[in-house]
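One structure is given below, encoded as structure tokens.
Since this is a predicted model, take the numbers as computed values, not measurements.
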Amino acid sequence: MSGNAPEVWISAAEGDLIRADAIVVLRLDGTGRLTVQLRDEAKVSVSLLEGAQGEGRPPADFHRRLVRMIAEVADSGSAQLISARRVDGGWRWISEPL
């Protein structure tokens, strides 16, 4: 993000916060584990969501939904935190002001 755009942060599986503009790669594997690779020399990967079996697994487009959510909240005008939540048996990205 550049200029005066608000900061968007994402809650990682371990409780860490990842700045959205530091992410260069999103990976959602067959178990539902969602990892991101950060833009740095070491190419650090961080798990945003641990995998799950059966119906507990997030949908196949869950990583695309995250990209959409980042774009939406970036226009909010304030710093936002995005986290994955299981709601009514399904997975959703939830945003809240910081």
Side-chain angles (χ1 to χ4, degrees):
M1 307 204 170
S2 61
N4 57 2
E7 292 183 6
V8 178
W9 295 81
I10 303 166
S11 180
E14 301 284 318
D16 295 331
L17 298 179
I18 307 299
R19 198 166 155 160
D21 66 351
I23 296 171
V24 293
V25 177
L26 287 164
R27 288 186 189 94
L28 182 63
D29 69 18
T31 70
R33 181 182 172 140
L34 178 59
T35 56
V36 295
Q37 181 180 319
L38 303 182
R39 176 187 47 199
D40 65 359
E41 296 287 324
K43 297 185 178 173
V44 171
S45 288
V46 177
S47 179
L48 295 183
L49 185 65
E50 294 299 332
Q53 298 297 320
E55 294 180 25
R57 188 172 37 221
D61 69 340
F62 202 56
H63 56 316
R64 292 175 185 251
R65 293 180 190 185
L66 174 57
V67 173
R68 234 182 340 260
M69 175 69 80
I70 291 168
E72 289 171 8
V73 301
D75 291 335
S76 71
S78 65
Q80 296 284 316
L81 174 64
I82 299 173
S83 57
R85 298 268 167 68
R86 196 165 158 108
V87 178
D88 296 328
W91 285 96
R92 294 186 51 200
W93 291 106
I94 306 293
S95 69
E96 60 185 290
L98 279 175

Spacing of [X] atom [atom1] and [Y] atom [atom2] [to the nearest 0.5 Å]:
X: S11; Y: L49; atom1: OG; atom2: CG; value: 10.0 Å
X: R57; Y: E50; atom1: CZ; atom2: CD; value: 14.5 Å
X: I82; Y: E72; atom1: CD1; atom2: CD; value: 9.0 Å
X: E7; Y: L17; atom1: CD; atom2: CG; value: 11.0 Å
X: L48; Y: I18; atom1: CG; atom2: CD1; value: 7.0 Å
X: E96; Y: Q80; atom1: CD; atom2: CD; value: 8.5 Å

Query raised in the report: D61 side chain to R64 main-chain N or O, any donor-acceptor pair under 3.5 Å?
Result: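 Between the backbone of R64 and the side chain of D61 there is no qualifying donor-acceptor contact (under 3.5 Å).
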
Query raised in the report: Does R92 use its side chain to pair, donor to acceptor, with the backbone of V87 at less than 3.5 Å?
Result: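 No, because the side chain of R92 does not come within donor-acceptor range (under 3.5 Å) of the backbone of V87.
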
Is there a path of hydrophobic side-chain contacts, each under 4.5 Å between heavy atoms of I, L, V, M, F, W or Y residues, that connects [X] with [Y]?
X: L28; Y: V25; answer: no
X: L34; Y: W9; answer: no
X: I23; Y: V44; answer: yes
X: L81; Y: F62; answer: no

With a 4.5 Å limit on heavy-atom distance, are the side chains of [X] and [Y] in contact?
X: I70; Y: W93; answer: no
X: E14; Y: S47; answer: no
X: R65; Y: P59; answer: yes
X: V36; Y: I10; answer: no

Query raised in the report: Between L38 and V46, is a side chain to side chain contact (heavy atoms under 4.5 Å, CB included) present by the stated rule, with each step listed?
Result: CA-CA 8 Å; L38 303 182; V46 177; 3.9 Å; yes

Report task. Quick one: do T35 and R33 satisfy side-chain hydrogen bond (donor to acceptor under 3.5 Å, both in side chains)? Show the steps, please. Result -> CA-CA 6 Å; T35 56; R33 181 182 172 140; 5.4 Å; no

